[in-house]
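Note sheet for the following structure.
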Amino acid sequence: MSLPFDREEYLNRQESIFSKLPKSSLAIIPTNERKIRSNDVAYPFRANSYMLYLCGWEEDEGTLLATNLSGKWVTTLFVPDRDTTKEIWEGIRVGVDGAKSWPVDYTDSLQSLDSCIKELVSDGCRVFKIPGASSSLDISLDENNVVEDLRPYIDPIRRVKSTNEIQYMKEAASIASFAHEKAMRDSRPGMGEWEIQALVEGHFMSSLSQWSFPSIVGGGDNATVLHYKNNNQVIKSGDLVLVDAGCEVSGYASDITRTWPVNGKFSQPQREIYELVLRAELAGIEACQPGLPWFSMHEAVCEVIAEGLIELGVLNCTLEDALGRVEGKPGVFEGQIRNFFMHGTGHFLGLDVHDVGGGRQGDPNSSFLLEPGMVLTIEPGLYFGSWRNDILIPERYAGIGIRIEDDVLVTEQGPVVLSSMCPKMLDEIEQIVGKGAHD
Ligand code: GLY
Ligand code: MN
Ligand code: MN
């Protein structure tokens with residue numbers, strides 16, 4: 001067995017979290033549930049990120065329990081028993097004895113979990129868990145048990161990455177950068193969105209990786225649908241394609257968006273919007289400085305977008321009306337720019353693609369400061385869906401959807417773009433698109 005981190009790193013994480021919980025408490029961390037699609041076919045399983053963070057347990061059943069009864073933290077990992085019949089069908093399990101080499105104090109059978117929790121609760125232990133975690137836990141806790149939220153203890157720790165975590169995130173960013181570049185090289189008009197998806201995800205798979213979220217590949221107007229998922233249309237010459245895709249390395253995600261003209265040449269209107277989104281993205285990255293409030297990047301991005309949309313004649317209003325700052329809510333904008341830039345500027349990135357530890361950019365509850373070791377995305381976009389019937393879409397830009405997204409590490413010296421090897425300058429993209437070998 002080889003886990004992504006050494007024992008000491010897991011034990012340090014456990015100590016920094018569990019030592020802050022009150023005396024006589026019990027923390028319950030189940031992994032995700034295995035979801036059945038039909039009969040004996042299950043949806044692909046991915047272990048729960050809290051479980052991976054705390055002890056690296058990847059099997060599709062298991063619960064970590066941390067207790068403090070005598071002034072010292074003790075962890076027990078409850079796992080499924082070995083079962084030859086099941087193992088013949090689904091593969092060999094680690095079992096209770098095998099799990100002893102995981103970074104925990106004790107291991108036990110999952111069959112003992114329920115009675116163990118009941119006993120601790122009846123002894124008066126305070127219970128902490130992750131809201132929404134596995135419903136199978138509900139058998140151990142009845143409605144009289146007060147259950148407290150474990151997230152405030154874990155999430156602030158998870159959101160600052162260690163050197164080893166950053167190394168995995170660099171690898172994930174590097175694989176995804178190369179996948180995007182490969183897709184650019186092999187792009188040509190008349191290609192199906194699914195073919196670009198296959199190029200990107202094929203590279204993930206051949207790198208022993210996998211997607212960290214379902215890839216978005218939208219040509220033309222489909223690029224204006226923020227979480228487009230059909231990926232089943234042919235992309236015409238003259239259209240842009242937006243590819244938002246990332247992968248995982250040892251559970252750690254990358255998340256990159258690039259937008260390029262499938263025929264290799266930006267039209268003038270596409271160029272105007274691309275240049276504006278790129279300026280906004282660079283301003284957002286520059287604002288990833290330690291000590292600045294979380295919403296600084298959103299503020300920087302929105303200011304560039306507001307000025308740019310006025311300059312291009314898309315908006316005919318004052319800068320303040322374009323922005324629509326909300327009094328008493330710094331970093332929240334509700335002005336006319338929101339007709340064309342509807343989402344946040346970014347999110348934390350880590351074991352989850354939308355990682356824990358803070359609100360999305362622009363959320364009102366995002367009042368903390370940036371610290372070295374945080375990794376986040378910067379991903380402004382502008383969307384002029386020709387299908388919109390609620391607002392006036394300028395003819396010149398109808399059908400254009402552009403987003404540019406990078407993964408950024410905050411350091412003492414300023415922002416470091418982990419996905420910097422993924423091409424994004426206009427000239428660079430025009431030189432690359434279509435240069436791959438076609439049969
Ligand atoms: N892939 C979704 C996002 O960029 O947040
Ligand atoms: Mn993305
Ligand atoms: Mn993202």
Side-chain angles (χ1 to χ4, degrees), residues 46 49 159 161 169-170 172-181 183-184 193 196-197 199-201 203-204 209-219 222-231 240-249 251-260 274 277-278 280-282 284-285 287-288 294-295 297-298 300-302 305 338 341-363 366 370 374-383 401-410 415 417-424:
R46 162 50 159 81
S49 296
R159 82 176 167 213
K161 272 61 184 178
M169 298 191 74
K170 280 185 180 162
S174 157
I175 293 170
S177 297
F178 192 82
H180 277 77
E181 184 175 347
M184 282 179 200
E193 293 166 345
I196 293 185
Q197 178 183 2
L199 288 168
V200 169
E201 293 184 8
H203 183 71
F204 293 166
S209 182
Q210 60 191 14
W211 54 250
S212 50
F213 59 92
S215 308
I216 297 169
V217 181
N222 294 336
T224 69
V225 177
L226 302 181
H227 282 175
Y228 176 69
K229 43 179 120 40
N230 293 343
N231 300 357
L240 296 171
V241 60
L242 181 155
V243 178
D244 184 348
C247 62
E248 279 189 359
V249 171
Y252 287 82
S254 55
D255 180 9
I256 299 177
T257 307
R258 291 292 184 264
T259 311
W260 62 87
Y274 192 94
V277 175
L278 182 58
E281 204 234 4
L282 295 173
I285 292 171
C288 294
W294 165 252
F295 56 75
M297 299 88 84
H298 190 54
V301 159
C302 287
I305 284 182
R338 299 305 275 166
F341 171 41
M342 312 79 171
H343 53 78
T345 284
H347 49 84
F348 281 125
L349 192 66
L351 280 167
D352 292 310
V353 67
H354 290 176
D355 208 31
V356 298
R360 301 292 303 269
Q361 288 281 342
D363 283 356
S366 306
L370 294 178
M374 291 178 168
V375 181
L376 46 97
T377 67
I378 297 290
E379 50 178 303
L382 283 169
Y383 311 92
I402 293 175
R403 177 162 67 253
I404 306 173
E405 174 175 28
D406 278 301
D407 303 343
V408 181
L409 166 68
V410 181
V417 180
L418 302 183
S419 45
S420 62
M421 61 294 263
C422 192
K424 72 176 169 188

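What you are looking at is a predicted structure, and each value in this text was computed from that prediction instead of being measured. Whatever order the structure lists them in is the order used to number ligands and atoms, beginning at 1.
Inter-residue side-chain proximity for His203 and Ile175 is flagged as met; some heavy-atom pair is nearer than 4.5 Å. Between Arg258 and Ile404 there is a side-chain heavy-atom pair separated by less than 4.5 Å.
Take the N/O/S atoms of Glu405: the one nearest the Mn ion (ligand 2) is OE1. If you look at Asp244 and ask which of its N, O or S atoms sits nearest the Mn ion (ligand 2), the answer is OD1. When you scan the N, O or S atoms of Asp255 for the one nearest the Mn ion (ligand 3), you land on OD2.
Among the backbone and side-chain atoms of His347, an N/O/S atom is found under 2.8 Å from the Mn ion (ligand 3). With a cut-off of 2.8 Å, the Mn ion (ligand 2) has no N, O or S atom of Glu379 in range.
Aromatic ring centres of Tyr383 and His343 lie closer together than 6.0 Å.
Residue Glu405 approaches ligand 1 through these ligand atoms, each under 4.0 Å from one of its heavy atoms: 4 (O). The ligand atoms of ligand 1 that sit less than 4.0 angstrom from a heavy atom of Glu379 are 3 (C), 4 (O), 5 (O). Of all atoms in ligand 1, numbered sequentially from 1 with element shown, those under 4.0 Å from a heavy atom of His354 are 2 (C), 3 (C), 5 (O).
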Legend entry - Steps toward side-chain contact (heavy atoms from CB on, under 4.5 Å) verdict (Leu370, Leu376): CA-CA 10 Å; Leu370 294 178; Leu376 46 97; 3.8 Å; yes
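Relative orientation of the His180 and Trp260 rings is perpendicular, given thresholds of 30° and 60° on the angle between their planes.
Proximity of Asp255 to ligand 1, defined as any heavy-atom pair under 4.0 Å, is confined to the side chain (atoms from C-beta onward).
At a 4.0 Å cut-off, not a single heavy atom of Arg403 sits close enough to ligand 1 to count as contact.
Using modelled atom types and a 3.5 Å distance limit, the side chains of Asp406 and Ser419 yield a donor-acceptor pair. Counted by atom type alone, Asp255 and Thr377 present zero donor-acceptor pairs between their side chains at under 3.5 Å.
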